[in-house]
Protein chains: 2
Amino acid sequence: MEQMHFLKDLFRKYRYIGLYGLSFAILVFLLKWLQWNFLIVDYSLDIYIGLIAVLFTVLGIWIAMQFAKGPKPVAVAQQKEDIAETKPDIDQAELEKLKLTPREYEVLLLMVKGHSNAEIAESLFLSLSTVKTHASNLFVKMDVASRTKAIEKAKRLRLTP
Amino acid sequence: MEQMHFLKDLFRKYRYIGLYGLSFAILVFLLKWLQWNFLIVDYSLDIYIGLIAVLFTVLGIWIAMQFAKGPKPVAVAQQKEDIAETKPDIDQAELEKLKLTPREYEVLLLMVKGHSNAEIAESLFLSLSTVKTHASNLFVKMDVASRTKAIEKAKRLRLTP
DNA sequence: CAGCCATTCATACTAAAGTATGAAACTGCC
DNA sequence: GGCAGTTTCATACTTTAGTATGAATGGCTG
């Protein structure tokens, strides 16, 4: 039981790294395939190189985007500052008054985008139960009675991009 | 004078694209250099490919980060103007596409304000049942599955003030 | 006037949201 | 190590939202 739980935790922690690893592996296969289908037919090496360059540039952008919107355990304060810099539309003062936890804020962001609890659970790799807990605590802190009111208030106080 | 200003604006707008182009050019030179210094010495092609992959992944991440840092002061000002211009009015065309009945639109307006079905019923002097009917028909016409998605779509398409 | 549409409401049902409570594990801090 | 706060999850429950179906009314129109 203990070990099962340990493995579960391990999986959760390194899920993203695993995903990137898998993606990388798939790319390598893709490259090998390209190598056989382009080089053998005696196409220019430059084209092959170019393809790789574009492919990996896209990969890099994708990775950066994943990290940008992904979990940031400690760097939430930094993230908030970044948002404050890039999206002047957010009322940082109002946001801090509410004392939302990073996770609660993430849930709020997806809520505002119109996602259901189930969808939020999938996006954040959480159980439905956990999302409900975050949502409920969120409503208390925001002093609202439902998600629609939370969305309205978030928009009105400019708490979200 | 006019033309100078125009060129200045042009430069400002496409400065980043220029920078990326320049970076890209430098990279291509770098690659050619690598090609001569590795391939000629008969190193494995795979190592060369690997280097390119890593290099362009990093390039991709860098590009993404540059964009993540966001549009600069001028762009932001422009963005604000756009918002100021476009926010107050309603996209009549999009609204008419949906063919909502007047009553359905009233319900939608209150929905966006965060009201529950019960509150809407009170506001419009209707039974809860009727509000539900309007809401349900509304969702079909808007092609959404829930009120939160309807709210998000209404905001996005600027169907409400 | 018959037909269409909008509006209203009811009933009955399913699905989702929201609340309450308890619990386990981790983090950062003194 | 103990403590406060965060995160995660479960279970059980109530409330609200949403769907389906049917039906009555009134306005408008060809």
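Protein chains get the first letters and strands the later ones, always in sequence-line order, with residue 1 at the start of each.
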Please check the phosphate of C/dT8 (OP1 and OP2 only) for any side-chain N or O of B/H134 closer than 4.0 Å. yes
Take B/T130 and B/T133 through the test side-chain hydrogen bond (donor to acceptor under 3.5 Å, both in side chains) and record every step on the way to the result. CA-CA 5 Å; B/T130 306; B/T133 304; 5.8 Å; no
Distance check: side-chain N/O of B/S136 vs OP1/OP2 of D/dT19, anything under 4.0 Å? yes
In whole angstrom, what separates B/L126's CG from C/dA6's P? 16 Å
Could you state the CZ-C1' distance from B/R103 to C/dC9, rounded to the nearest angstrom? 13 Å
Would you say a side-chain N or O of A/T101 is under 4.0 Å from OP1 or OP2 of D/dT6? no
What I'd like to find out is whether the side chain of B/I151 reaches to under 4.5 Å of the side chain of A/T148, using heavy atoms alone. yes
Separation of D/dT6 atom P from A/L98 atom CG, nearest Å, is 13 Å
Using atom NZ of A/K132 as one end and atom P of D/dT7 as the other, report the distance to the nearest whole Å. 20 Å
Among the candidates C/dA17, C/dC9, D/dA10, find the nucleotide nearest to the side-chain atoms of A/S129. D/dA10
A/T133 has a side chain; which of D/dA17, D/dA10, C/dT8 sits nearest to it? D/dA10
State, with a plain yes or no, whether a side-chain heavy atom of A/L159 is found less than 4.5 Å away from one of A/L100. no
Separation of D/dT19 P from B/N117 CG (nearest whole Å): 11 Å
Could you give the CD-to-P distance, from B/E119 to D/dT15, as a whole number of Å? 16 Å
Measure CZ/A/R147 against C1'/C/dA17 and give the value in whole Å, please. 7 Å
Is it true that A/E152 and A/K149 make a salt bridge, defined as a side-chain N closer than 4.0 Å to a carboxylate O? no
Is B/E104 salt-bridged to B/K141, cutoff N-O under 4.0 Å? yes
Protein-nucleotide distance (B/N137, atom CG; C/dC5, atom P), rounded to Å: 13 Å
Ignoring the backbone of A/P102, work out which of D/dC9, D/dT6, C/dA17 is nearest its side chain. D/dT6
May I ask you to verify if any side-chain N or O of B/S127 is less than 4.0 angstrom from the OP1 or OP2 atom of C/dT8? no
